[in-house]
Amino acid sequence: SKIEAGRFELFSEDFPLDEVMAYLRRTFMPLAERKNIGFDIEVDTTAPETIHGDRQRITQVLTNLLSNAIKFTDSGQVKIAARGEADHLRFDITDTGIGIPDDKLESIFGVFQQVDGGTSRKYGGSGLGLAISKRLTELIGGSIGVISAPGRGSTFTVKIPLALAAEQIVKPAKVIEKS
């Protein structure tokens with residue numbers, strides 16, 4: 001509601017990609033170990049060492065996607081890979097979880113939408129995480145997409161621009177530069 005009401009600010013700063021990946025490792029490795037699934041982080045040599053953007057929002061999106069990946073994976077592994085491409089940084093979050101049927105791929109980004117909908121949901125959650133992640137990614141000038149197959153898992157791809165232009169920020173958000 002803060003995003004839609006215009007009471008949301010983006011902060012733009014330089015921060016090391018390594019710090020974000022270390023945070024994700026510290027946060028999700030114990031969860032993966034408890035579920036007895038693999039957890040890998042891969043940073044390609046094409047990925048920039050420093051990201052310019054809103055550290056909190058980028059981390060929030062990646063955290064939500066990894067949380068979902070671990071939640072919906074009962075065996076196998078979850079992996080996050082980062083690499084640089086042309087004018088953006090690409091994150092692929094891949095899991096060997098339950099997957100998403102083709103007819104639900106677009107709707108999962110809607111508010112309160114869930115793959116395992118119904119009254120006897122196994123995995124829980126509010127159905128807000130992907131909608132918020134999509135909106136935050138758009139606000140920072142990026143994009144989010146998914147490729148999936150039921151029973152085979154999913155790959156969510158987040159693309160973050162390497163250089164944010166003021167016109168890329170969707171209003172009503174405003175950018176505050178930190179020095």
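Nothing fancy with the numbering, it's 1 onward along the sequence. Below, each value reflects all heavy atoms present in this structure, side chains not excepted, and no hydrogens, waters or symmetry copies.
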Residues Leu66, Phe39; criterion side-chain contact (heavy atoms from CB on, under 4.5 Å); working and verdict: CA-CA 10 Å; Leu66 283 168; Phe39 180 69; 3.9 Å; yes
When rounded to the nearest 0.5 angstrom, what distance separates [atom1] in [X] from [atom2] in [Y]?
{"X": "Ile51", "Y": "Leu17", "atom1": "CD1", "atom2": "CG", "answer": "4.5 Å"}
{"X": "Ile140", "Y": "Arg57", "atom1": "CD1", "atom2": "CZ", "answer": "10.0 Å"}
{"X": "Phe156", "Y": "Leu65", "atom1": "CZ", "atom2": "CG", "answer": "6.5 Å"}
{"X": "Leu139", "Y": "Arg135", "atom1": "CG", "atom2": "CZ", "answer": "4.5 Å"}

Sequence neighbours left out, what passes side chain to side chain contact (heavy atoms under 4.5 Å, CB included) with [X]? Give chain and number order.
{"X": "Asp40", "value": "Gln77, Lys79"}
{"X": "Thr63", "value": "Tyr23, Leu24, Phe28, Thr59"}
{"X": "Pro30", "value": "Arg34"}
{"X": "Gln56", "value": "Asp54"}

[X] side chain near [Y] side chain, heavy-atom distance below 4.5 Å:
{"X": "Asp95", "Y": "Phe72", "answer": "no"}
{"X": "Thr50", "Y": "Pro48", "answer": "no"}
{"X": "His88", "Y": "Ile160", "answer": "no"}
{"X": "Ser12", "Y": "His52", "answer": "yes"}
{"X": "Thr96", "Y": "Ser75", "answer": "no"}

Residue set satisfying side-chain hydrogen bond (donor to acceptor under 3.5 Å, both in side chains) with Asp44, at least two apart, ordered chain then number -> Thr46
Output yes when a side-chain donor or acceptor of Thr137 lies under 3.5 Å from a complementary backbone atom of Val61, and no otherwise. no
Sidechain-backbone polar pair: Lys35 side chain, Lys71 backbone, donor-acceptor under 3.5 Å: yes
| task | Check the hydrophobic clustering (I, L, V, M, F, W, Y; side-chain heavy atoms under 4.5 Å; chains of links allowed) and say if Leu62 and Ile147 are grouped together. | result | no
Sequence neighbours excluded, the answer for salt bridge (Lys or Arg N to Asp or Glu O under 4.0 Å) partners of Glu19 is Arg55
Can you check side-chain contact (heavy atoms from CB on, under 4.5 Å) on Asn64 and Gln60, steps first, answer last?
CA-CA 6 Å; Asn64 181 65; Gln60 181 178 353; 5.8 Å; no
Exercise: identify the closest heavy-atom pair between [X] and [Y]:
{"X": "Val146", "Y": "Ile100", "answer": "CG2-CD1, 4.2 Å"}
{"X": "Pro161", "Y": "Gly141", "answer": "CG-O, 3.4 Å"}
{"X": "Leu89", "Y": "Arg83", "answer": "CD1-O, 3.4 Å"}

Here the side chain to side chain donor-acceptor pair (under 3.5 Å) pairs for residues 148-159, sequence neighbours left out, are Asp92-Thr157, Thr94-Thr155, Ser148-Ser154
